[in-house]
Amino acid sequence: MTDLQNPDLHTWLSQQPHGLRTFRTFQQKLETLSKDDPEQRGVCRLLSGLVGNYVETFDEEPLPVAVADRAYGRLLDLVASLDLKGNPDRRLADINRIASCDQLN
């Protein structure tokens with residue numbers, strides 16, 4: 001099991017700039033977490049997909065500061081709300097919350 005847990009993800013994310021590079025690096029961290037802690041694969045895949053859609057939308061396009069700030073804030077709040085060691089009901093609720101998120105709106 002990795003030492004990269006929710007508080008670490010949140011702490012790392014909270015110290016990053018709001019640009020696309022942060023979102024890409026976050027995807028890499030999720031990939032590592034997914035490999036190191038197979039119990040987190042569902043959460044990692046959904047978060048990575050959510051971030052990936054955002055990155056694809058603005059890749060090589062101007063990213064308005066307000067949009068970047070809003071997306072970053074939403075992701076930071078979402079990561080803070082996750083309980084990677086929660087019971088199955090809590091983890092399912094987290095998965096459903098991630099699945100219903102949209103970084104663009």
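When reading the values below, keep in mind they use all heavy atoms of this one structure, side chains included, and skip hydrogens, waters and symmetry mates.
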Roughly how far apart are T25 OG1 and L20 CG, rounded to 0.5 Å? 10.5 Å
Strictly distance-based, threshold 3.5 Å: is any side-chain N or O of Q16 a donor or acceptor partner for the main-chain N or O of W12? yes
Closest heavy-atom pair, C101 versus L50, reported as atoms and distance to 0.1 Å, is O-CD1, 3.4 Å
Let me check something: any side-chain donor-acceptor pairs from residues 89-96 under 3.5 Å, sequence neighbours excluded? List them with distances.
residue: R90; atom: NE; partner: D94; partner atom: OD1; Å: 3.1
residue: R90; atom: NH2; partner: S81; partner atom: O; Å: 2.3
residue: R91; atom: NH2; partner: E39; partner atom: O; Å: 2.3
residue: D94; atom: OD1; partner: R97; partner atom: NH1; Å: 3.4
residue: D94; atom: OD1; partner: R97; partner atom: NH2; Å: 2.6
residue: D94; atom: OD2; partner: D83; partner atom: N; Å: 2.9
residue: N96; atom: ND2; partner: L92; partner atom: O; Å: 3.4

Are any side-chain N or O atoms of S14 and backbone N or O atoms of H10, one a donor and one an acceptor, separated by less than 3.5 Å? yes
For the residue pair L82 and L47, establish whether any side-chain heavy-atom pair is separated by less than 4.5 Å. yes
Taking all heavy atoms of S48 and all of L30, pick out the closest pair and write down the distance. N-CD1, 3.6 Å
Nearest non-hydrogen partners of Q40 and L33, listed with the distance: CB-CG, 4.3 Å
Of Q28, K29, K35, which is the lone residue that meets side-chain hydrogen bond (donor to acceptor under 3.5 Å, both in side chains) with E31? K35
Tell me, do D59 and R24 make a side-chain contact under 4.5 Å, heavy atoms counted? yes
May I ask you to decide if H18's main-chain N or O and T22's side chain share a donor-acceptor pair within less than 3.5 Å? no
With sequence neighbours left out, which residue pairs that include part of residues 27-64 fulfil the ring pair (Phe, Tyr, Trp, His ring centres under 6.0 Å) condition? F23-Y54, Y54-F58
Let me confirm one number: the NZ-CG distance from K85 to D37, rounded to the nearest 0.5 Å. 4.0 Å
